[in-house]
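The structure appears below as structure tokens.
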Amino acid sequence: MAPNLDPPQTVEWQGKRVPVWSMQTVNYELLLSQDPAEVEKVLNACLEEGYFYLDLQGIDGKRMLGDQQETLKLMHRFFEQPIEAKNEFGLISSHLGYEPVGSRVGAFGAGTKDGYEMLKVSRDEIQRGSPKVPAVIKNSGDLGVLENAIGSSNTICKVILSALSTGMNLTGAARFENSHRNDRPSTTTLSMMHYLPSEVTGAKKIGHQKHTDISSLTLLFSEQWGLQIRPPGTCGAREMGFVAPKPGCAFVHVGDSLRFASGMKMQSCIHRVVPFNPSEHRYSIAYFLRAEDDTMFVDSEGRYVSAGQWHDEKFKAFTDPWMYQAMAPRSMILGGMKEAGEDDPVAAPAAPVDAAPVQLEKRKEVSVEA
Ligand SMILES: O=C(O)CCC(=O)C(=O)O
Ligand SMILES: [Fe+2]
């Protein structure tokens, strides 16, 4: 299929015009029926771009949209609680628990910290029946909301995986679903994120750093602007641009594990979150479908590693201070994806983002492996 060469729309952000990238919209109902044209469409989106919108407005997908709304209500209630209530158990494991604002590197590189707080509930934990979640949401209503959101997200991701296996002519144990079984331990998790207004946190605690996901597939819901992606390849200007929230749709993207499992054929999506509106609270819900811990693949460093090891090493890199992150294997944060662009900052922004555009390093070629 020819690459999508539609001229991008643009939007004004920090005093300049920034692209809003267009992408394929895949229909969930058609995918559920293994419609051959839709299978080809989703496969090509993953091979060529690494992301797509998933239209969930049909009878099967609508349930997920309902679960998204219920989860949002739960998130509003949870994040309004005092820190002691939210942080009752802290971060129990990498994929379960609460992370306060500033736990990781921020959107603008060295010297910045992230600008979001996050609650994670893992699929393994919710399947055990009595998940360890803070008391404020440990009631049957809230647990039901979380169970529904995890169940719906899981089903949708498996449908996509199944279509991708079919599209790649995989059979039997080689099919991607077979390394994502519910009864095998994995770090699959539902992440609920609240980005504080950047005019409250200031320029030193801001957004979410540029990265690719550890996961096989990420199913992402946000009704608000802020997510930026860098389309892969050199076809046209491939700068960081926004993903427009699309009503009734999820934004789905490929992560490192599926890129590795596909023999590097699929693209892992480079993305970050920036404050679009400095006075806005932003809420996003991400389901990270991850491979069974003992699934083996060749990673971006050419090593034969397990999904569990890749997760643990990359999670450590994400949460390490900037200096230590820089010492991780060279391709870790971007999963081996190469980029050519001009927006990779080396210095912390000197002024609040709403007062002045961030000073960006100007280089023709920026490679994370440089
Ligand atoms: O908040 C978002 O929209 C994206 C979050 C994200 O990239 C992540 O948690 O890996
Ligand atoms: Fe991500």
Side-chain angles (χ1 to χ4, degrees), residues 13 20-21 23 50-54 68 71-72 75 79 91 94-108 112-122 149 153 157 187-198 201 205-230 232 240-246 249-259 267-277 280-290 310-311 314-319 325 332-335 337 339 368:
W13 178 62
V20 179
W21 293 111
M23 65 188 77
Y51 52 80
F52 54 91
Y53 287 119
L54 184 68
Q68 174 200 0
T71 307
L72 273 174
M75 288 164 68
F79 289 120
L91 191 61
S94 59
H95 46 293
L96 176 67
Y98 175 75
E99 271 186 47
V101 175
S103 301
R104 305 185 185 199
V105 174
F108 299 122
T112 66
K113 291 288 193 182
D114 71 69
Y116 63 92
E117 54 179 342
M118 164 161 72
L119 177 67
K120 288 181 278 195
V121 181
S122 73
S153 305
C157 288
T187 52
T188 296
T189 196
L190 183 77
S191 254
M192 291 159 275
M193 285 161 277
H194 167 217
Y195 295 76
L196 278 75
S198 59
T201 56
K205 280 191 183 164
I206 200 147
H208 198 138
Q209 91 168 122
K210 183 173 62 182
H211 65 283
T212 57
D213 283 358
I214 300 166
S215 54
S216 297
L217 285 173
T218 302
L219 183 69
L220 191 60
F221 293 94
S222 185
E223 296 170 347
Q224 292 163 284
W225 287 75
L227 180 67
Q228 291 189 327
I229 55 172
R230 183 197 295 286
M240 275 294 198
F242 285 96
V243 174
K246 190 165 173 177
C249 293
F251 173 71
V252 182
H253 65 88
V254 174
D256 300 339
S257 300
L258 192 55
R259 172 171 166 75
Q267 312 291 330
S268 194
C269 173
I270 298 177
H271 59 286
R272 70 177 175 186
V273 179
V274 296
F276 187 74
N277 173 350
E280 190 174 74
H281 290 260
R282 179 177 183 273
Y283 297 86
S284 64
I285 306 167
Y287 186 70
F288 300 109
L289 180 76
R290 303 208 176 111
W310 178 255
H311 169 275
K314 184 148 170 166
F315 185 80
K316 181 171 180 314
F318 277 152
T319 48
Q325 191 177 95
M332 188 137 272
I333 294 294
L334 296 190
M337 295 292 293
E339 56 175 3
V368 279

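Numbering of ligands and ligand atoms starts at 1, following listing order.
With waters neither drawn nor counted, the protein N/O/S atoms under 2.8 Å from the Fe ion (ligand 2) amount to 3.
In this structure, H194 has its ring center no closer than 6.0 Å to that of Y116. Proximity of the aromatic rings of H281 and Y195 is defined here by a centroid distance below 6.0 angstrom, and this criterion is not met. Between W21 and F242, a ring centre-to-centre spacing not shorter than 6.0 Å is recorded.
Contact atoms of ligand 1 toward V273: 1 (O), 2 (C), 3 (O), 4 (C) (distance under 4.0 Å to a heavy atom of the residue). Each of the following atoms of ligand 1 lies closer than 4.0 Å to a heavy atom of F288: 8 (C), 9 (O), 10 (O). Within the listing of ligand 1, atoms 1 (O), 2 (C), 4 (C), 5 (C) sit less than 4.0 angstrom from a heavy atom of Y195. Proximity to D213 (heavy-atom distance under 4.0 Å) selects the following atoms of ligand 1: 10 (O).
Side chain of K314 to backbone of I333: a donor-acceptor contact under 3.5 angstrom is found. With hydrogens and angles disregarded, a donor-acceptor distance shorter than 3.5 Å links the side chain of S257 to the backbone of I214.
Between the side chains of Y283 and Q224, no donor-acceptor pair is found at a separation under 3.5 Å. Q228 and R272 share a side-chain donor-acceptor pair at under 3.5 Å. Checking K113 against T201 by side-chain atom types alone, no donor-acceptor pair falls below 3.5 Å.
Note: F315 and H311 have parallel aromatic rings, judged against thresholds of 30 and 60 degrees for the angle between ring planes.
In this structure, H211 is part of the shell of residues with a heavy atom less than 4.0 angstrom from ligand 1. By the 4.0 Å heavy-atom criterion, F251 is excluded from the residues contacting ligand 1. Not close to ligand 1: Y116, with no non-hydrogen atom less than 4.0 angstrom away.
D256 pairs in a side-chain hydrogen bond (donor to acceptor under 3.5 Å, both in side chains) with only one of the listed residues (S216, S215, S268), which is S268.
In the candidate list H271, H208, R282, M192, R282 is nearest to atom 3 (O) of ligand 1, counting heavy atoms.
F221 is not listed as a side-chain neighbour of S284, based on a closest heavy-atom distance of 4.5 Å or more.
Counting heavy atoms under 4.0 Å from ligand 1, residue S284 touches it through the side chain alone. Under 4.0 angstrom from ligand 1, there are no non-hydrogen atoms of T218.
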